[in-house]
Amino acid sequence: RYTPRQYYTIDKGVKRYTKAVSPTFLFNYRIAVPTDDTRSASYSRIDLGIEQVIRIDAFNDIDYKLAGGSYLFKKRVYFPDYKHFNINQLWIGDKGFDRSFLLIDNYGYSTDQQWGEMHLSWLSEYILLKRIPFMQPLPFREGVHLKSIQIPRKNFTEVGYSIGAKDLMRIGVFCGFENAKFKNVGFSLSLPILNYIQSSR
């Protein structure tokens, strides 16, 4: 991970990153070197990506991630070595909506070929419900989400709407489309605050 122009503070000699005005670039290279055992894995894989949260103004943020990868060399690849995606099928979980998929099987899109994924979220104080006058004082934000996975001969897209506080709790409804055809719909409650509780113990 590399973020140009990353701001930070130093507190009691400890560097703490605060905010970034530029995207974060992602790079991962994985290689499996075979042993004398002819059944051992033998491959190399490269993953590339870019992600960023853009503050449009005091009321609107854009959160995006674009990533893709491929196996450069592939002789023996076993299922644990496949590319697996961030998926949360639970009705209630600690994963956020911005970087995970909710409506596909845990390993339905795992692949040993090239792949690509896209996550795009618009978080705002005023999208739909917050435009109703009596709802405006309430402390929640709305979100519109678009996510997609592309592998050879197969793609899946999720679109959704959510409300809540991003780092505490969000509830959302999502629709899934496989190869441009409607597949399913689902609801989910995200509780990212559970991550903070567990890390503070």
Side-chain angles (χ1 to χ4, degrees), residues 24 26 49-69 79 82-111 115-151 153-201:
T24 296
L26 313 172
I50 182 173
E51 63 182 17
Q52 187 179 14
V53 178
I54 303 174
R55 171 56 59 94
I56 303 299
D57 53 38
F59 306 105
N60 297 275
D61 294 331
I62 297 293
D63 185 325
Y64 74 86
K65 177 181 179 180
L66 301 173
F79 190 70
Y82 280 29
K83 166 61 184 178
H84 302 289
F85 296 92
N86 187 11
I87 295 171
N88 179 24
Q89 288 188 304
L90 301 176
W91 285 73
I92 301 177
D94 57 5
K95 294 183 179 180
F97 296 150
D98 299 332
R99 304 288 174 83
S100 63
F101 295 91
L102 306 172
L103 300 177
I104 57 179
D105 296 335
N106 284 331
Y107 304 108
Y109 275 75
S110 298
T111 181
W115 58 272
E117 67 176 313
M118 180 270 293
H119 302 263
L120 178 64
S121 295
W122 170 32
L123 302 175
S124 176
E125 297 286 348
Y126 301 101
I127 296 179
L128 183 62
L129 294 180
K130 290 296 286 285
R131 292 188 177 275
I132 303 174
F134 73 88
M135 299 288 282
Q136 292 180 2
L138 300 179
F140 70 84
R141 302 183 79 193
E142 299 174 272
V144 176
H145 310 273
L146 174 64
K147 318 167 194 180
S148 181
I149 293 177
Q150 178 72 52
I151 61 176
R153 298 177 297 280
K154 192 176 180 182
N155 66 76
F156 185 84
T157 300
E158 281 184 12
V159 293
Y161 169 83
S162 68
I163 60 173
K166 181 177 181 181
D167 296 327
L168 299 177
M169 179 186 73
R170 296 193 69 82
I171 185 169
V173 56
F174 291 83
C175 293
F177 301 85
E178 189 168 67
N179 294 332
K181 295 181 180 180
F182 175 79
K183 183 180 181 181
N184 50 10
V185 63
F187 297 85
S188 182
L189 175 64
S190 171
L191 297 169
I193 191 174
L194 296 177
N195 292 316
Y196 297 100
I197 295 175
Q198 293 173 0
S199 61
S200 62
R201 290 179 178 176

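Scope of the values below: all heavy atoms of this structure, side chains included, with no hydrogens, waters or symmetry mates. Everything quoted here is computed from the prediction, not taken from an experiment.
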Pair H145 + F101: ring centers closer than 6.0 Å: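 Ring-ring flag for H145/F101: false, centres at least 6.0 Å apart.
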
Are F97 and F174 an aromatic pair by the rule of ring centers under 6.0 Å? yes

Restricting to non-hydrogen atoms, name the atom on [X] and the atom on [Y] that form the minimum distance, rounded to 0.1 Å.
{"X": "L129", "Y": "E142", "value": "N-OE2, 2.7 Å"}
{"X": "H84", "Y": "Y107", "value": "ND1-CD2, 3.6 Å"}
{"X": "R55", "Y": "N60", "value": "CD-O, 3.6 Å"}

In chain order, what residues pass the side-chain hydrogen bond (donor to acceptor under 3.5 Å, both in side chains) check against [X], with sequence neighbours excluded?
{"X": "N88", "result": "none"}
{"X": "S100", "result": "none"}
{"X": "N184", "result": "none"}

Is K65 paired with D98 through a side-chain N to carboxylate O contact shorter than 4.0 Å?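 A salt bridge is absent here (no side-chain N lies under 4.0 Å from a carboxylate O).
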
Note, V144 side chain near L146 side chain (heavy atom, < 4.5 Å): no

How far does CD1 of I151 sit from OH of Y82, to the nearest 0.5 angstrom?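 Answer rounded to 0.5 Å: 10.5 Å.
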
What is the distance from atom OG of S121 to atom OH of Y64, rounded to the nearest 0.5 Å?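 Reported value, rounded in 0.5 Å steps: 13.0 Å.
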
Within 45° cone and under 6.0 Å: K154 NZ/CZ vs F156 ring: no

Say whether, by atom type as modelled, one donor and one acceptor occur between the side chain of E158 and the main chain of L103 under 3.5 angstrom. yes

